[in-house]
Number of protein chains: 2
Amino acid sequence: MNEANDELAFEPHEEELLSRVAWHYYHDGLTQSEIGERLNLSRIKVSRMLDRGRKMGLIHVHINSSYGGCFALEARLQEIYGLDEARVIPAQETGNINDRLAEAASQYLMGRLKDQEMLAVGWGATVMGTLQRLARTLSYRDISLVSLTGGVSAYIEGVASGRSSQNVHLIPAPLVVSQENIAEAIRAERHVVEVMSMARTANYALVGIGAVADEATLIASGYASRSQFEIFRRQGAVGDIIGIFYDQNGEPLDLPFHKMLVGLDFGALSAIPQVIAAAGGPKKIDAIRAAARGGRIDVLITDEPTAQAIIEKDQA
Amino acid sequence: MNEANDELAFEPHEEELLSRVAWHYYHDGLTQSEIGERLNLSRIKVSRMLDRGRKMGLIHVHINSSYGGCFALEARLQEIYGLDEARVIPAQETGNINDRLAEAASQYLMGRLKDQEMLAVGWGATVMGTLQRLARTLSYRDISLVSLTGGVSAYIEGVASGRSSQNVHLIPAPLVVSQENIAEAIRAERHVVEVMSMARTANYALVGIGAVADEATLIASGYASRSQFEIFRRQGAVGDIIGIFYDQNGEPLDLPFHKMLVGLDFGALSAIPQVIAAAGGPKKIDAIRAAARGGRIDVLITDEPTAQAIIEKDQA
DNA sequence: GCGCATCGTGATCATATGATCGACGGAAAC
DNA sequence: GTTTCCGTCGATCATATGATCACGATGCGC
């Protein structure tokens with residue numbers, strides 16, 4: 001605060017000197033001592049001038065990369081929603097967005113997973129892609145996999161096939177069944193109970209975020225119908241995580257559909273130390289924003305335009 | 001110099017990591033050790049990544065121009081010669097002056113070039129250095145490159161190698177040929193005509209300014225002989241731009257040499273909205289001064305002693 | 001297969017940098 | 001005039017940084 005009103009105006013000569021010092025330092029690669037000798041200044045003074053130059057914004061560092069702009073967004077996301085971490089991948093017209101998110105997510109997890117740890121996985125296209133990319137790492141590095149919901153086995157088997165299958169625990173059931181009492185019965189099965197309680201002990205959860213849109217994977221794979229989605233939307237649903245639909249504040253709705261799910265609920269999900277979500281694309285803006293606002297996730301991996309849109313909505 | 005053209009291409013993931021490191025270092029003010037911890041890298045590796053980032057031009061330090069530079073001299077140059085802009089870099093005995101000018105020029109252009117724009121480039125050591133520094137920006141930011149003369153391909157290819165080569169248009173010919181009729185024939189070639197007419201549509205032209213001295217790059221690279229230069233000097237030549245020699249008022253001379261050039265003439269050059277020249281050093285004082293007086297250039301990037309000398313000569 | 005060169009890595013150490021502290025000097029208050 | 005406050009300066013020292021070295025992995029040619 002004290003230096004905030006520190007004279008912003010200084011001698012023109014001072015300005016020139018400062019920029020000269022900055023030039024020598026940053027562009028010519030001279031040391032502060034060398035600059036001092038050359039311009040008859042004490043080394044310490046040169047140091048202070050550079051410091052001042054930086055504080056005043058006279059010296060500006062530009063990161064000349066398509067990633068550059070993303071870091072600012074990451075910082076904002078973390079700040080606004082209290083995320084542990086955010087990853088934003090650069091905008092790019094070409095290429096499937098889910099593939100690129102999966103790539104980023106798998107990279108993130110690779111750097112994060114330690115031996116002996118357990119990763120719980122949800123349901124969705126992005127999650128599947130991530131697991132495919134992770135497959136090799138998982139088998140090399142004694143990492144266990146467990147499913148958060150039913151319906152995962154379909155794609156996870158190919159991924160974790162072979163050697164390390166003893167470390168893979170799946171809920172042997174579909175994601176959604178047709179009747180509430182059937183779901184109850186399945187959830188009571190001993191093996192299902194075991195896997196679900198194991199999932200509660202996972203170190204990380206990897207989930208996708210679904211939009212309430214006709215293109216949703218839930219509809220494409222026959223777990224839900226368009227008319228159901230229309231009803232969900234009327235009730236205020238903006239998105240889903242592991243099959244549970246929530247409103248714009250990230251609060252889970254009370255839907256009959258939820259009673260037919262086989263998998264963990266939001267309470268159990270939140271108990272997992274770190275919930276990592278990978279999702280992006282224009283359709284998912286509201287879904288992601290609500291999840292973040294509601295504290296449903298700890299780590300968000302998304303793309304640049306989506307991040308921008310989310311932040312803008314919470315700006316006002 | 002030698003390692004300047006070591007592989008400019010690297011893994012996308014590598015680049016992301018590098019950008020992230022740079023961001024933490026320069027924007028968040030973290031130390032290299034802290035970054036290492038955070039990203040699971042050894043401190044030394046972080047240090048090396050930063051080094052590489054700087055060398056590759058991924059990290060750029062910009063010194064705010066409104067304060068930076070050598071104010072008084074810049075203002076005087078603009079005033080006396082009616083330049084759009086002047087950049088003067090501080091004096092320094094050691095270090096290659098061309099490298100420092102190239103640094104300044106690339107910085108200027110980076111701040112100026114917008115997407116979809118086209119930059120036409122001339123011939124010379126400083127231009128080459130500038131392009132090397134710009135390479136990264138150019139490929140990222142949909143900017144087209146076109147040559148103003150022949151003989152450019154030799155050094156531009158390494159620069160624009162790889163991805164964005166569809167945006168690079170070179171005159172496929174040497175700068176100077178041995179006979180007038182050969183030059184005529186080349187200039188009539190369809191492809192050459194095309195590139196030259198494209199060059200006329202460029203938004204900016206980046207050129208060097210050559211002195212009529214034995215050290216000239218034109219002589220060093222075998223395009224002209226000392227005896228030719230001696231003759232040019234007798235005829236009143238004080239400098240050249242894209243191979244065209246002019247007198248002390250910046251008026252092009254009528255030399256046979258010019259008829260053997262493959263490239264644009266002064267009329268076409270002036271038609272480009274902004275002609276940017278980067279040149280400095282004691283040998284080039286008269287050449288630069290004449291170019292400025294004759295209105296051959298719109299933007300001048302030079303060094304302090306040279307600027308001083310030029311102004312002094314026009315003071316009296 | 002066996003050197004051989006090359007590269008990337010981390011360890012060690014010299015150097016560069018910036019934080020802290022006391023001293024000096026000028027300006028305002030008394 | 002003195003005193004006190006404030007800012008600046010340089011000395012000292014802890015830390016951050018980058019240069020050098022040595023090692024192990026990888027790839028190449030013999």
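With hydrogens and angles ignored, no donor-acceptor pair under 3.5 angstrom links the side chain of A:Arg52 to the base of D:dT8.
Between B:Arg43 atom CZ and C:dA16 atom C1' the separation is 13 Å, expressed in whole Å. Summarising the geometry, the separation between CD1 on B:Ile44 and C1' on C:dC7 is reported as 16 Å, rounded to the nearest angstrom. The interatomic distance linking B:Lys55 (NZ) with D:dA19 (P) rounds to 8 Å, in whole Å. Atom OH of A:Tyr26 is separated from atom P of D:dT17 by 12 Å (rounded to the nearest Å). Spacing between atom NZ of B:Lys45 and atom P of C:dG10 amounts to 7 Å, rounded to whole angstrom units. If you take CZ of B:Arg48 and P of C:dG8, they are 10 Å apart, rounded to a whole angstrom. In this structure, the CG atom of A:Asp51 is 13 Å from the P atom of C:dT17, given to the nearest Å.
Side chain to side chain, A:Arg112 and A:Gln274 meet the donor-acceptor criterion of an N or O pair below 3.5 Å.
For the side-chain contact (heavy atoms from CB on, under 4.5 Å) criterion with B:Leu50, the lone passing option out of B:Arg52, B:Arg54, B:Arg48 is B:Arg54.
The side chain of B:Ser42 contributes an N or O atom lying less than 4.0 Å from OP1 or OP2 of C:dG10.
B:Glu16 and B:Arg20 are joined by a salt bridge, as a carboxylate oxygen and a charged side-chain nitrogen come within less than 4.0 angstrom of each other.
We find the OH-CG distance between A:Tyr108 and A:Leu206 to be 11.0 Å, quoted to the nearest 0.5 Å.
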